[in-house]
Amino acid sequence: MKPNFLGRLAALTAVAVLAGAPLAAPVFAQEAAPAAAAAPAAETTAAPAPAEAAPAAPAAAEPTITDTVDKGDNAWMMVSSLLVLLMIIPGLALFYGGLVRQKNMLSMLMQVSTVAVVGMITWALWGYSLAFTDGGAADKFVGGLGRLFLGGVTPASNVATFSTGVVIPEFTFIAFQMTFACITAALVLGGLAERIKFSATVLFAVIWPIIVYYPMAHMVWWWAGPDAVALHPKDPIQSGLLWGWGALDFAGGTVVHINAGIAALVGAIFLGKRSGYQKEPMPPHSLTLTLVGAGLLWVGWFGFNAGSNLEANGYASLAMINTFLATASAGFSWVLVEWVTRKKASMLGLASGMVAGLVAVTPASGFAGPMGALILGLIVSPICVFFCSVIKNALKYDDSLDAFGIHAVGGIVGALATGLLVNPDWGGAGIVDYTTCGADGDLSTCDAYAGYTMAGQFMVQLKAVLLTIAWSGIGSTIVFFVIKMITGLRVAPETEEEGLDISEHGERAYHS
């Protein structure tokens with residue numbers, strides 16, 4: 001719950017090579033530019049001795065930029081927000097629901113939907129402010145309270161995009177980023193399925209984003225906006241910690257997928273294994289619904305990735321084609337691995353591979369070229385297969401629906417690969433150095449090579465991945481410990497045996 005519109009992120013070099021991010025975190029446009037010193041007054045010649053001293057020349061005018069809202073950009077962002085909602089309800093709910101046993105189908109639908117609606121409420125109350133406002137002394141890590149309860153937001157207030165002088169309505173940006181916060185928390189449920197209490201799920205939806213998600217979103221996506229760079233190119237750029245490092249995350253590889261996948265693993269360890277795990281069969285009860293959910297995820301992901309550009313331009317188109325190709329190649333790659341190793345190609349494998357491709361391309365969607373995205377999809381599935389089978393069985397943790405094996409592992413692969421695939425020599429979009437752009441803010445005039453070295457960018461990506469793992473791991477441990485003390489995490493053995501549908505909700509998904 002955000003961009004370099006695919007290649008324009010700050011390249012964080014000498015002055016303002018901003019790192020681009022998906023779900024980008026543009027700061028309020030009206031607050032974007034820090035105050036700058038007035039230009040020196042023009043020199044004047046000395047007046048003749050008998051005459052009065054000449055008046056001081058007026059200071060040079062402060063440079064200005066006229067911000068405009070493009071109706072096409074705004075329309076695209078509103079549609080993108082709805083597409084991401086489609087990913088959650090019903091997309092993720094059906095994908096996860098089909099993977100659990102029949103007696104837990106309704107509980108899975110209920111948990112995903114409840115986390116989403118709680119996430120929307122808390123985002124409006126305090127989440128947006130903590131993620132996307134100036135945090136003062138703590139600004140590198142978390143935002144402040146300037147937009148608490150959405151105070152000060154009006155239909156006339158705007159936020160920056162990634163082009164100089166181009167903004168979108170703040171309400172649109174709030175709604176778009178809200179869906180990211182909701183789906184990130186909902187993804188964690190894949191590691192907790194079939195044994196977590198509903199009360200614990202509700203507490204998780206409130207507490208976890210405060211400790212983990214909002215700070216990560218701020219660190220990766222919060223920055224001063226391109227207008228600030230254009231007006232004051234020699235000033236340091238206000239930004240979150242990882243953005244300041246120059247980490248590239250177009251749509252949420254670190255913020256969403258690594259973050260959620262690590263939390264799912266921590267939660268699975270806290271909960272322990274399901275009763276009968278690795279002793280009795282626990283097959284998905286409806287792969288039909290799982291594929292329907294996977295298809296809805298894929299459709300919604302175009303809003304997730306292409307929407308993270310915040311503008312309906314060529315970078316959004318790049319993110320769209322990359323989301324097609326990486327997903328297709330990862331789905332086929334997973335099928336090939338199963339075909340070779342198990343002599344059968346499964347539909348579950350195809351659906352899992354599609355999701356793995358979507359996860360991997362998320363951070364790279366606006367940075368990689370189409371061929372880079374295709375290769376990324378081919379590579380990520382075998383790695384995820386290895387973690388979802390070999391590593392999972394060896395370590396014996398019960399990550400019920402492979403949230404860690406697909407989202408954390410796929411997100412790590414994608415985040416690291418982004419540092420390589422952004423290379424223009426490899427067909428990537430490059431990293432925009434806003435200090436080199438033309439006066440009109442045309443990104444095509446910017447230097448895409450400035451400050452980029454493959455080894456250097458890869459190391460920045462590695463630092464970002466390691467910090468995300470540590471932040472989510474430590475923060476999630478605290479959250480699950482607190483919930484365990486308040487209400488407990490796991491349902492009683494008899495409740496688990498009966499199924500969470502009846503015992504927790506008094507309803508069944510099916511009555512035949």
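If you read the sequence from its start, that first residue is 1, and numbering goes on from there.
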For the atom pair OG (Ser308) and CE (Met77), what is the distance rounded to the nearest 0.5 Å? 7.0 Å
Does a side-chain heavy-atom distance below 4.5 Å link Ile262 with His407? no
Distance col, row Trp334:CH2 vs Leu348:CG, nearest 0.5 angstrom, shows 8.0 Å
Phe404 versus Tyr397, closest heavy-atom pair with distance: CD2-OH, 3.6 Å
Counting heavy atoms not belonging to Met454, are there more than 12 under 6.0 Å from its CE? yes
So do the side chains of Met219 and Leu467 get within less than 4.5 Å of each other, counting heavy atoms only? yes
Sequence neighbours excluded, every pair satisfying salt bridge (Lys or Arg N to Asp or Glu O under 4.0 Å) that has a member inside residues 341-353: Glu338-Arg342
Evaluate the ring planes of Phe173 and Phe132, with Trp represented by its six-membered ring, and classify them as parallel (under 30°), tilted (30 to 60°) or perpendicular (over 60°). perpendicular
Are the side chains of Val299 and Leu83 in touch, meaning some heavy atoms are under 4.5 Å apart? yes
Quick one: closest heavy-atom pair of Val479 and Trp208, and the distance? CG2-CA, 3.9 Å
Check whether the ring centres of Tyr128 and Tyr214 lie less than 6.0 Å apart, and answer yes or no. no
What are the two closest heavy atoms between Leu248 and Phe367, and how far apart are they? CB-CE1, 3.8 Å
Heavy-atom side-chain proximity of Asp73 to Thr161 below 4.5 angstrom: no
Side chains of Leu401 and Val100, heavy atoms from C-beta outward: is any pair under 4.5 Å? yes
Main-chain N/O of Thr362 paired to Ser365 side chain as donor or acceptor, under 3.5 Å: yes
Between atom CD of Glu194 and atom CG of Leu271, what is the distance when rounded to the nearest 0.5 Å? 12.0 Å
Here the pair of heavy atoms bringing Leu420 nearest to Tyr452 is O-OH, 3.7 Å
What's the spacing between Tyr277 OH and Arg195 CZ if we round to 0.5 Å? 9.0 Å
Less than 4.5 Å apart, side chain to side chain, heavy atoms only: is that true for Ile237 and Val229? yes
Looking only at the side chains, is there a donor atom on one of Ser163 and Glu311 sitting less than 3.5 Å from an acceptor on the other? yes
Please name the pair of heavy atoms, one in Gly91 and one in Leu296, separated by the smallest distance, quoted to 0.1 Å. CA-CB, 3.7 Å
Can you name the salt bridge (Lys or Arg N to Asp or Glu O under 4.0 Å) partners of Lys273, sequence neighbours left out? none
Side-chain donor-acceptor pairs of residues 368-385 under 3.5 Å, sequence neighbours excluded:
unit_1, atom_1, unit_2, atom_2, d
Ser381, OG, Ala330, O, 2.6

Using the ring-ring contact (aromatic ring centres under 6.0 Å, His included) rule, take His218 and Trp471 through it: C-alpha gap first, then chi angles, then the decisive distance, then the call. CA-CA 13 Å; His218 183 88; Trp471 190 277; over 10 Å; no
Heavy-atom closest pair, residues Leu241 and Phe141: CD2-CE2, 3.7 Å
Starting from the C-alpha separation in whole Å, work towards a yes-or-no answer on salt bridge (charged side-chain N to carboxylate O under 4.0 Å, His left out) for Asp398 and Lys392. CA-CA 8 Å; Asp398 186 8; Lys392 181 178 174 180; 5.2 Å; no
Could you check whether any side-chain N or O of Asp399 sits under 3.5 Å from a backbone N or O of Ala403, counting only pairs where one atom can act as donor and the other as acceptor? yes
Side-chain heavy atoms of Val292 within contact of Phe95, under 4.5 Å: no
Would a 4.5 Å heavy-atom cut-off, applied to side chains only, mark Asn305 and Met320 as touching? no
Donor-acceptor contact below 3.5 Å, side chain Thr172 vs main chain Ile168: no
Hey, what do you get for CD1 (Ile89) to CG (Leu94), rounding to the nearest 0.5 Å? 10.5 Å
OG-CD1 distance between Ser472 and Ile258, expressed to the nearest 0.5 angstrom: 9.5 Å
